[in-house]
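Below you'll find the structure, written out as structure tokens, and then a few comments.
Start at 1 with the first residue, then count along the sequence.
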Amino acid sequence: MKRWKRSAVRWVVTGAMVLTVALFAGCEKDDNDEDNQPNGPISEPATSYTGELARAWSDFGYQMVKQEALGPCPASRVYGYLGVAIYESVVQGDETRVSLGGQLIDLPSLPAPSWGRPS
């Protein structure tokens, strides 16, 4: 039973990391965009969006913790990883925020998204 719970925690953490990568990959500019802003954000700043996606991922994490009946320590780890992944997915879109990369243990400096067209 303990082994199964650990695999569920790993699954949630992996899902959170995939979310982060998917959001960073979505930051690239499409070839058919009309205005070219190679040195700045492509669209609205992150502060102009609602938190619906983050809320949905948090609800999903809660449901996984509840379904797997995880104890306090594994549950807090799930919520911590999920929170860091959500924060890192939007931090580049808000000039007032700083990435946690290099500040947290075992989290290396993360690459900034490229705002220009791919070469």
Side-chain angles (χ1 to χ4, degrees):
M1 186 71 155
K2 204 178 220 186
R3 184 177 178 196
W4 192 60
K5 286 181 183 179
R6 268 190 254 174
S7 68
V9 171
R10 287 186 185 135
W11 188 85
V12 170
V13 170
T14 302
M17 293 303 162
V18 167
L19 169 69
T20 302
V21 170
L23 288 173
F24 272 118
C27 290
E28 288 188 27
K29 189 169 185 168
D30 294 332
D31 288 337
N32 59 358
D33 285 346
E34 291 179 15
D35 59 279
N36 186 7
Q37 299 176 0
N39 298 323
I42 296 167
S43 61
E44 302 294 322
T47 54
S48 67
Y49 294 98
T50 66
E52 281 301 314
L53 185 60
R55 191 174 304 118
W57 272 98
S58 297
D59 289 343
F60 176 73
Y62 171 74
Q63 292 299 325
M64 288 298 297
V65 167
K66 184 177 170 184
Q67 181 180 357
E68 301 299 326
L70 297 177
C73 289
S76 64
R77 201 171 300 121
V78 168
Y79 294 135
Y81 286 137
L82 187 58
V84 169
I86 290 171
Y87 178 80
E88 286 298 322
S89 68
V90 297
V91 72
Q92 296 296 327
D94 186 354
E95 295 175 359
T96 63
R97 305 285 183 229
V98 178
S99 174
L100 297 174
Q103 298 183 48
L104 298 177
I105 298 172
D106 291 334
L107 182 63
S109 294
L110 302 172
S114 62
W115 298 111
R117 295 186 186 276
S119 327

Subject >> For L107, all residues meeting side-chain contact (heavy atoms from CB on, under 4.5 Å), sequence neighbours excluded >> reply: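 L107 satisfies side-chain contact (heavy atoms from CB on, under 4.5 Å) with V84, L100, L104, L110 only.
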
Original post:
Excluding sequence neighbours, so at least two apart, what forms side-chain contact (heavy atoms from CB on, under 4.5 Å) with A75?
Top reply: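 If we apply the side-chain contact (heavy atoms from CB on, under 4.5 Å) test to A75, skipping adjacent residues, the hits are V65, L70, Y79.
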
Original post:
Of all heavy-atom pairs between E88 and G101, which one has the smallest distance, and what is that distance?
Top reply: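 Minimum heavy-atom separation between E88 and G101: OE2-N, 3.8 Å.
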
Original post:
Considering all heavy atoms of both residues, which atom of G61 and which atom of L82 are nearest to each other, and what is their separation?
Top reply: CA-CD2, 4.2 Å

**OP:** Sort and list the pairs that fulfil salt bridge (Lys or Arg N to Asp or Glu O under 4.0 Å) and have at least one residue in residues 45-54, not counting sequence neighbours.
**Re:**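 Output for this query lists E52-R55.
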
**OP:** Write out all pairs satisfying salt bridge (Lys or Arg N to Asp or Glu O under 4.0 Å) with one or both partners inside residues 99-109, taking only residues at least two apart or from two chains.
**Re:** none

**OP:** Could you walk me through whether L53 and S89 pass side chain to side chain contact (heavy atoms under 4.5 Å, CB included), step by step?
**Re:** CA-CA 11 Å; L53 185 60; S89 68; over 6 Å; no

Subject >> Those residues that, when tested against F60, pass ring pair (Phe, Tyr, Trp, His ring centres under 6.0 Å) (two or more places apart) >> reply: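 In terms of ring pair (Phe, Tyr, Trp, His ring centres under 6.0 Å), with neighbours along the sequence ignored, F60 is linked to W11, W57.
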
Original post:
With R97, which residues qualify under salt bridge (Lys or Arg N to Asp or Glu O under 4.0 Å), at least two apart?
Top reply: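 For R97, the residues satisfying salt bridge (Lys or Arg N to Asp or Glu O under 4.0 Å) (neighbours in sequence not counted) are D94.
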
